[in-house]
Asker: 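My questions will all concern the structure given below.
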Amino acid sequence: MKFVLLTIVALIAVAGIGATDVKECKKGQPFPLSVEVVGCDEMPCNVVKGTTAVMHVHFVGTKDNIRKLNAVVHATTLGITVPYELPEEVANVCDNLMYGATCPIDKTEDVVYAFNFYVESHYPEISVAVQVSLEDEEGDSIACFVCNIKVKKGSTNTFLLE
């Protein structure tokens, strides 16, 4: 009975509850089952400079024996798209899988990637479309989505109660 209860809790946790309404990528890449931007239900999602934005990407393997996956990010603002290099410890999807999942990932296996994106304090306060593609060692996209974000300044005011 305890195993059944734990299984139900795990399924609810990854079933898209709390999912953020993100968009599909333009080139027809596979869309994840769900993406949860923690603290954001609707785009644009506010992200605060000097903090880490957390996204849980729930996706399904599209082929067998996926041994390596990297997150590839492109940012678009004012009509200009540029690649955004992630640190290896963030870009390595296999090292950031949740709920005990590991690579290799097989076709139809569903897993959740914890994408923790640090918002540098020098970023301008603008709206950005962020495309995240999870790509295997052959460069094939296994899952891809676009999330609109608004970079905001963190609170510098401190209120003291007397």
Side-chain angles (χ1 to χ4, degrees), residues 10-63 66 68-99 101 103 105 108-157:
L11 288 173
I12 290 171
V14 297
I17 293 174
T20 305
D21 189 19
V22 296
K23 298 187 289 189
E24 294 184 32
C25 293
K26 292 183 180 179
K27 295 183 180 175
Q29 301 96 318
F31 192 63
L33 296 173
S34 67
V35 176
E36 176 194 7
V37 181
V38 175
C40 176
D41 295 326
E42 289 183 18
M43 294 190 296
C45 294
N46 291 327
V47 297
V48 178
K49 296 197 269 186
T51 67
T52 299
V54 178
M55 299 181 190
H56 297 153
V57 184
H58 185 191
F59 67 98
V60 175
T62 57
K63 54 177 131 173
I66 301 168
K68 185 177 181 184
L69 272 176
N70 281 309
V72 178
V73 176
H74 287 86
T76 302
T77 190
L78 304 173
I80 300 169
T81 300
V82 295
Y84 184 84
E85 291 295 321
L86 294 171
E88 174 60 26
E89 65 272 8
V90 174
N92 187 327
V93 175
C94 292
D95 286 350
N96 292 288
L97 293 175
M98 299 174 68
Y99 310 110
C103 287
I105 298 169
T108 72
E109 182 179 353
D110 64 299
V111 293
V112 180
Y113 162 53
F115 176 53
N116 299 312
F117 180 78
Y118 183 72
V119 183
E120 298 283 347
S121 58
H122 66 270
Y123 286 169
E125 295 172 38
I126 57 174
S127 295
V128 181
V130 177
Q131 177 179 294
V132 179
S133 180
L134 308 183
E135 298 180 3
D136 66 11
E137 59 263 348
E138 297 169 357
D140 294 332
S141 181
I142 305 303
C144 188
F145 67 95
V146 176
C147 181
N148 294 328
I149 64 169
K150 174 77 175 143
V151 178
K152 300 231 174 204
K153 183 187 296 188
S155 175
T156 56
N157 295 336

Asker: For Thr76, enumerate each residue passing the side chain to side chain contact (heavy atoms under 4.5 Å, CB included) test, keeping only those at least two apart in sequence or located in another chain.
Answerer: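 With neighbours one apart ignored, the set is Thr81, Ala129.
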
Asker: Please tell me if the side chains of Val60 and Leu33 come closer than 4.5 Å, counting only heavy atoms from C-beta onward.
Answerer: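 Contact flag for Val60/Leu33 side chains = yes.
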
Asker: Got a sec, which residues hit side chain to side chain contact (heavy atoms under 4.5 Å, CB included) with Thr77, two or more places apart in sequence or on another chain?
Answerer: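 Only Ile126, Val128 meet the side chain to side chain contact (heavy atoms under 4.5 Å, CB included) criterion with Thr77.
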
Asker: CD of Glu137 to CG of Asn70: how many Å apart, nearest 0.5 Å?
Answerer: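 These two atoms lie 9.5 Å from each other.
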
Asker: Quick one: does Asp110's side chain get under 4.5 Å of Phe59's, heavy atoms only?
Answerer: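 Result no, sub-4.5 Å side-chain heavy-atom pair not found.
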
Asker: At what distance, to the nearest 0.5 angstrom, does CG of Asp95 lie from CG of Leu69?
Answerer: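 Interatomic distance, Asp95 CG to Leu69 CG, rounded to 0.5 Å: 11.0 Å.
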
Asker: Report the C-alpha distance between Cys45 and Cys147 in whole Å, list the side-chain angles of each, state the deciding distance to 0.1 Å, and finish with yes or no for disulfide (SG to SG under 2.5 Å).
Answerer: CA-CA 8 Å; Cys45 294; Cys147 181; 4.0 Å; no

Asker: Val38: what forms a side chain to side chain contact (heavy atoms under 4.5 Å, CB included) with it, not counting sequence neighbours?
Answerer: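 In terms of side chain to side chain contact (heavy atoms under 4.5 Å, CB included), with neighbours along the sequence ignored, Val38 is linked to Glu36, Val54, His56.
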
Asker: Taking the side chain as C-beta and beyond, is there a heavy-atom pair between Lys150 and Ser127 under 4.5 Å?
Answerer: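 With C-beta onward as the side chain, the pair touches.
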
Asker: Does anything in residues 21-33 pair up under salt bridge (charged side-chain N to carboxylate O under 4.0 Å, His left out), and if so which pairs, sequence neighbours excluded?
Answerer: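 Checked against salt bridge (charged side-chain N to carboxylate O under 4.0 Å, His left out) - neighbours excluded - no pair reaches residues 21-33.
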
Asker: Measure the shortest side-chain to side-chain distance between Val119 and Val48 over non-hydrogen atoms and say whether it is less than 4.5 angstrom.
Answerer: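 Of all side-chain heavy-atom pairs linking Val48 with Val119, none is under 4.5 Å.
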
Asker: Would you call Ile66 and Ile142 a side-chain contact if the rule is heavy atoms closer than 4.5 Å?
Answerer: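 In contact.
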
Asker: For Gln131, which residues count as a side chain to side chain donor-acceptor pair (under 3.5 Å) partner, sequence neighbours excluded?
Answerer: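 For Gln131, no residue satisfies side chain to side chain donor-acceptor pair (under 3.5 Å) once neighbours in sequence are set aside.
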
Asker: Tell me if the CD atom of Glu89 is crowded by more than 12 foreign heavy atoms within 6.0 Å.
Answerer: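 Enclosed.
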
Asker: Looking only at non-hydrogen atoms, find the nearest pair between Pro32 and Val35 and report the distance.
Answerer: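 Closest pair (atom of Pro32, atom of Val35, distance): CG-CG2, 3.7 Å.
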
Asker: Kindly write out the residues that satisfy side chain to side chain contact (heavy atoms under 4.5 Å, CB included) with Glu85, not counting sequence neighbours, or none if the list is empty.
Answerer: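 Testing Glu85 for side chain to side chain contact (heavy atoms under 4.5 Å, CB included), a comparison that skips the adjacent residues, returns none.
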
Asker: Which pair of heavy atoms, one from Leu86 and one from Ala91, lies closest together, and at what distance?
Answerer: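 Looking at all heavy atoms of both residues, the shortest contact is CB-CB, 3.9 Å.
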
Asker: Run the salt bridge (Lys or Arg N to Asp or Glu O under 4.0 Å) test against Lys63 and tell me which residues pass, sequence neighbours left out.
Answerer: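 If we apply the salt bridge (Lys or Arg N to Asp or Glu O under 4.0 Å) test to Lys63, skipping adjacent residues, the hits are Asp136, Glu138, Asp140.
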
Asker: Any chance the SGs on Cys25 and Cys144 are under 2.5 Å from each other?
Answerer: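 The sulfur gammas are closer than 2.5 Å, so yes.
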
Asker: With Ser133, which residues qualify under side chain to side chain donor-acceptor pair (under 3.5 Å), at least two apart?
Answerer: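 Per chain and number, Ser133 pairs via side chain to side chain donor-acceptor pair (under 3.5 Å) with Glu135, Ser141.
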
Asker: Once side chain to side chain donor-acceptor pair (under 3.5 Å) is applied, do any residues pair with Asn116, and if so which ones, sequence neighbours excluded?
Answerer: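 Residues passing side chain to side chain donor-acceptor pair (under 3.5 Å) with Asn116: none at all.
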
Asker: Decide yes or no for Cys103 and Lys68: does some side-chain heavy atom of the first lie under 4.5 Å from some side-chain heavy atom of the second?
Answerer: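 With C-beta onward as the side chain, the pair stays apart.
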
Asker: For Tyr113, give me all partners under ring-ring contact (aromatic ring centres under 6.0 Å, His included), at least two apart in sequence or on another chain.
Answerer: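 With neighbours one apart ignored, the set is Phe115.
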
Asker: If only atom types and distance count, is the side chain of Thr20 paired as donor or acceptor with the main-chain N or O of Val37 below 3.5 Å?
Answerer: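 Indeed, once roles are kept as given, a pair shorter than 3.5 Å links the two residues.
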
Asker: Do Leu97 and Ile105 have side-chain heavy atoms sitting under 4.5 Å apart?
Answerer: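 Yes, their side chains come closer than 4.5 Å.
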
Asker: If a pair satisfies salt bridge (charged side-chain N to carboxylate O under 4.0 Å, His left out) and one of its residues is in residues 115-134, list it, with sequence neighbours excluded.
Answerer: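 Residue pairs passing salt bridge (charged side-chain N to carboxylate O under 4.0 Å, His left out), neighbours aside: Lys49-Glu125.
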
Asker: How many angstroms lie between atom CG of Asn46 and atom CD1 of Ile149, to the nearest 0.5 angstrom?
Answerer: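 Here the interatomic distance stands at 9.5 Å.
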
Asker: Go through the structure and list residues passing ring-ring contact (aromatic ring centres under 6.0 Å, His included) with Tyr84, not counting sequence neighbours.
Answerer: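 Listed in chain order: Phe117.
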
Asker: Considering all heavy atoms of both residues, which atom of Ala101 and which atom of Val111 are nearest to each other, and what is their separation?
Answerer: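 Reported closest heavy-atom pair: CB-CG1, 3.7 Å.
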
